[in-house]
Amino acid sequence: MDFAFSDRCLEYREKLLAFMDEWVYPNEAVHEQQVHDSGDPHFYPPIMETLKAEARRRGLWNLFQPHAGWWGEGFSNLDYAPLAEIMGRSTIASEACNCSAPDTGNMEVLTMFGTPEQQDVWLRPLLDGEIRSAFGMTEPDVASSDATNISLRIERDGDHYVLNGRKWWTSNAFHKNCRIMIVMGKTDPGASPHRQQSQILVPIDTPGVTVARNLQVFGYTDNEGHAETVFDNVRVPASNLIAQEGDGFMISQARLGPGRIHHCMRTIGAAERALELTCRRALQRTTFGKRLADRSNIQDWIAEARIELEMIRLLTLKTAWLMDTVGSLGARTEIAAIKVAAPNVALRIIDRAIQVHGGGGVSQDFPLAAMYAGIRTLRLADGPDEVHKMTIARAELRRHDPAFRTDGASTIAPGGGRG
């Protein structure tokens with residue numbers, strides 16, 4: 001296993017670090033203030049267009065894309081790992097570099113499965129950062145951790161498909177620039193369980209689409225929003241179908257592998273920033289005559305954080321390397337493992353950072369509380385911990401008994417629209 005980054009990756013890493021120091025960190029407060037002053041939690045702040053223009057000028061654009069094409073050379077998963085980690089240190093960096101979920105997953109789907117027309121109409125403006133997108137998979141009326149439960153109907157009617165049902169956690173649907181959704185639903189209830197589902201492109205302004213309400217995350221209203229979306233006799237052209245009827249699960253598997261590892265890469269970056277904040281605070285604050293940094297329990301927390309961060313980074317790099325060499329299916333166990341490990345490690349580090357910051361840690365004056373809420377959600381988004389552990393356990397058991405089978409439950413677990 002070779003985890004060495006290419007010279008190109010190292011060059012872009014330095015460029016990205018400079019962009020973060022010179023543009024992203026100084027403008028985090030500006031972004032927050034512009035949203036606050038607007039009175040609209042989903043306001044699109046002008047500073048983001050400034051950041052996007054600067055990122056594009058520096059060539060820090062669509063870094064997530066592993067495929068070469070008209071948009072550039074593309075990065076391998078391994079070379080993208082340190083770049084995604086850096087962007088994960090700030091909640092605004094990924095959008096500035098056109099590397100935000102769920103757009104990255106949607107662009108991946110359109111790159112791999114989109115028709116030339118679909119790519120021209122939707123992929124090109126997404127890659128150019130002119131529009132944003134949403135992904136509708138999870139539903140409020142069923143346990144969506146088992147994706148065979150998804151019940152939104154997609155029925156053929158002549159040259160159109162008609163959609164009826166409800167989704168929620170349709171992330172990004174409240175973004176000012178959101179124009180298109182990829183929606184997963186059931187086209188053939190009588191088919192085998194993993195051939196019932198299809199995915200289709202639905203412009204967000206299609207008649208019958210209602211973005212009903214925003215879902216908060218631990219009381220936070222995320223800027224891009226997480227919508228409950230109603231589809232009432234929504235008609236879209238049959239040409240909007242992605243790939244073929246019944247390919248929904250296959251498309252999800254192709255999409256969710258990269259989506260899950262991207263989340264983990266960004267999570268490591270967030271945890272690294274939390275650890276930095278812990279160290280700075282511990283060196284600055286004194287209680288009962290001693291700096292916090294001089295107390296053994298704080299030193300233990302810092303040491304454990306460094307150890308655990310290095311472990312999950314190595315597991316993530318191994319997973320990225322496997323995805324590059326044997327594909328997502330060959331890295332299935334590792335993808336599941338890092339999706340469980342990274343958020344749990346990060347949450348421990350952030351929780352201790354909050355403790356070191358005292359009252360400030362749970363306030364808006366530091367990024368820790370919002371960071372904790374977002375990463376706690378990752379234990380559900382793109383599949384809950386329990387489903388990923390089931391995947392790992394089954395693979396382990398089959399090493400000892402190749403005939404081992406269970407009830408055949410789906411291992412494609414949406415758990416949200418962020419991937």
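Because the structure is a prediction, the values reported are computed rather than measured.
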Practice prompt. Evaluate side chain to side chain donor-acceptor pair (under 3.5 Å) for T148 paired with D146, printing each intermediate quantity in order.
Written response: CA-CA 5 Å; T148 60; D146 176 1; 2.6 Å; yes
Practice prompt. Begin with the C-alpha distance, continue with both residues' side-chain angles, and end with the deciding distance and a verdict on side chain to side chain donor-acceptor pair (under 3.5 Å) for S90 and E28.
Written response: CA-CA 8 Å; S90 171; E28 287 178 326; 2.7 Å; yes
Discussion item. Cation-pi check for F135 against R255: NZ or CZ below 6.0 Å from the six-membered ring centre and within 45 degrees of the axis, yes or no?
Written reply: yes
Worksheet entry | Basic-acidic side-chain contact under 4.0 Å: D385, R379 | yes
Discussion item. If I take atom CG from residue D351 and atom CD1 from residue I349, how far apart are they, to the nearest 0.5 angstrom?
Written reply: 11.0 Å
Worksheet entry | Salt bridge R313-E310, side-chain N to carboxylate O under 4.0 Å | yes
Discussion item. Which heavy atom of Y161 sits nearest to which heavy atom of L241, and what is that distance?
Written reply: OH-CD2, 3.7 Å
Item to complete: Could you tell me which non-hydrogen atom of K339 sits nearest to which non-hydrogen atom of D382, and how far apart they are?
Response: CE-CB, 4.0 Å
Discussion item. Please check if the number of heavy atoms outside D21 that lie under 6.0 Å from its CG is greater than 12.
Written reply: yes
Worksheet item: Do the charged groups of R166 and D141 touch, with an N to O distance under 4.0 Å?
Response: yes
Worksheet item: Which value, rounded to the nearest 0.5 Å, describes the distance between Q34 atom CD and Y44 atom OH?
Response: 11.0 Å
Discussion item. Check whether R132 reaches the backbone of N177 with its side chain - one donor and one acceptor, N or O, closer than 3.5 Å.
Written reply: no
Item to complete: Report the C-alpha distance between K167 and E228 in whole Å, list the side-chain angles of each, state the deciding distance to 0.1 Å, and finish with yes or no for salt bridge (charged side-chain N to carboxylate O under 4.0 Å, His left out).
Response: CA-CA 6 Å; K167 299 288 184 182; E228 180 173 344; over 6 Å; no
Worksheet item: So do L397 and D401 actually touch side chain to side chain, heavy atoms under 4.5 Å?
Response: no
Practice prompt. May I ask you to decide if V24's main-chain N or O and N27's side chain share a donor-acceptor pair within less than 3.5 Å?
Written response: no
Worksheet item: Taking all non-hydrogen atoms of both residues, which atom of A342 and which atom of T267 are closest, and how far apart?
Response: O-CG2, 3.7 Å
Worksheet entry | Main-chain N/O of G208 paired with D232 side-chain donor or acceptor, under 3.5 Å | no
Response to the item:
Correct closest heavy-atom pair for V211 and A173 would be CG1-CB, 4.4 Å
Discussion item. Tell me if the CD atom of Q244 is crowded by more than 12 foreign heavy atoms within 6.0 Å.
Written reply: no
Discussion item. Could you check whether atom CG of L10 has more than 12 heavy atoms from other residues, nucleotides or ligands sitting under 6.0 Å from it?
Written reply: yes
Worksheet, complete the sentence: Which of R89, R266, R306 passes salt bridge (Lys or Arg N to Asp or Glu O under 4.0 Å) with E272? Answer is R306
Practice prompt. Tell me, with the steps shown, if R376 and F218 meet side-chain contact (heavy atoms from CB on, under 4.5 Å).
Written response: CA-CA 9 Å; R376 177 60 182 85; F218 287 98; 3.6 Å; yes
Worksheet item: Between E304 and R352, is the closest basic N to carboxylate O distance under 4.0 Å?
Response: yes
Item to complete: In sequence, state the C-alpha distance, the side-chain angles, and the governing distance for V202 and N240, and then conclude on side-chain contact (heavy atoms from CB on, under 4.5 Å).
Response: CA-CA 7 Å; V202 181; N240 283 22; over 6 Å; no
Worksheet item: Hey, is the main chain of D103 close enough, under 3.5 Å, to the side chain of S100 for a donor-acceptor pair?
Response: no
Worksheet item: So do R153 and P189 actually touch side chain to side chain, heavy atoms under 4.5 Å?
Response: yes
Fill in: Short side-chain donor-acceptor distance under 3.5 Å, E95 and H31
no
Practice prompt. Side-chain contact test, heavy atoms from C-beta onward, threshold under 4.5 Å: evaluate it for R281 versus F366 and give yes or no.
Written response: yes
Worksheet item: Going by heavy atoms in the side chains, are T104 and Q65 under 4.5 Å from each other?
Response: no
Worksheet entry | Check: H388 and R260 side chains under 4.5 Å, non-hydrogen atoms | yes
Practice prompt. State the NE2-CD1 distance between H357 and I350, to the nearest 0.5 angstrom.
Written response: 12.0 Å
Worksheet item: Is the backbone of H226 close enough, under 3.5 Å, to the side chain of N214 for a donor and an acceptor to pair up by distance?
Response: yes
Worksheet item: Between C97 and M87, what is the shortest heavy-atom contact and its length?
Response: CB-SD, 3.8 Å
Discussion item. Salt bridge or not between R156 and D188? Use side-chain N to carboxylate O under 4.0 Å.
Written reply: no
Worksheet item: Hey, does the side chain of D324 reach the backbone of L78 with a donor-acceptor pair shorter than 3.5 angstrom?
Response: yes
Worksheet entry | R13 atom CZ, neighbour heavy-atom count above 12 within 6.0 Å | no
Practice prompt. Please confirm whether the backbone N or O of G246 pairs with a side-chain atom of R195, one donor and one acceptor, at under 3.5 Å?
Written response: yes
Worksheet item: Do the side-chain N and O atoms of T316 and E85 include a donor-acceptor pair separated by under 3.5 angstrom?
Response: no
Worksheet item: Could you state the interatomic distance from CD (E108) to NE2 (H262), rounded to the nearest 0.5 Å?
Response: 7.0 Å
Practice prompt. For residues L51 and E54, determine if any side-chain heavy atom of one lies less than 4.5 Å from a side-chain heavy atom of the other.
Written response: no
Discussion item. Contact between R179 and P203 at the side-chain level, heavy atoms closer than 4.5 Å - yes or no?
Written reply: no
Discussion item. Please check this pair: side chain of Q119 against backbone of L110, looking for a donor-acceptor N/O pair closer than 3.5 Å.
Written reply: yes
Discussion item. Do the side chains of D79 and R8 get close enough for a salt bridge, i.e. N-O under 4.0 angstrom?
Written reply: no
Worksheet item: Does G165 offer a backbone N or O that forms a donor-acceptor pair with the side chain of E139 under 3.5 Å?
Response: no
Worksheet item: Has W122 got more than 12 heavy atoms of other residues, nucleotides or ligands less than 6.0 Å from its CH2?
Response: yes
Discussion item. Set out, in order, the CA-CA distance, both residues' side-chain angles and the distance that settles side-chain contact (heavy atoms from CB on, under 4.5 Å) for V234 and V162, then state yes or no.
Written reply: CA-CA 5 Å; V234 174; V162 181; over 6 Å; no
Item to complete: Nearest 0.5 Å please: distance from the CG atom of N164 over to the CD atom of E155.
Response: 7.0 Å
Worksheet item: Can you tell which of R399, R394, R398 makes a side-chain hydrogen bond (donor to acceptor under 3.5 Å, both in side chains) with E396?
Response: R399
Discussion item. Within the supplied structure, the quantity of interest is the number of heavy atoms (other residues, nucleotides, ligands) at a distance under 6.0 Å from D7 CG; does it exceed 12?
Written reply: no
Worksheet item: With respect to F75, which candidate in F5, F64, Y12, Y80 satisfies the ring-ring contact (aromatic ring centres under 6.0 Å, His included) definition?
Response: Y12
Worksheet entry | A373 backbone acceptor or donor facing T377 side chain under 3.5 Å | yes
Worksheet item: Nearest heavy-atom pair of A212 and V230: which atoms, and what distance?
Response: CB-CG2, 4.3 Å
Worksheet item: Is R58 paired with E22 through a side-chain N to carboxylate O contact shorter than 4.0 Å?
Response: yes
Item to complete: To the nearest 0.5 angstrom, please state how far the CG atom of N223 sits from the CZ atom of F174.
Response: 12.0 Å
Item to complete: Carefully, step by step, assess F231 and T229 under the rule side-chain contact (heavy atoms from CB on, under 4.5 Å).
Response: CA-CA 7 Å; F231 298 80; T229 314; 3.8 Å; yes
Practice prompt. Before giving the answer on side chain to side chain donor-acceptor pair (under 3.5 Å), spell out for S198 and E245 the whole-Å C-alpha distance, their side-chain angles and the decisive distance to 0.1 Å.
Written response: CA-CA 5 Å; S198 300; E245 283 195 17; 5.4 Å; no
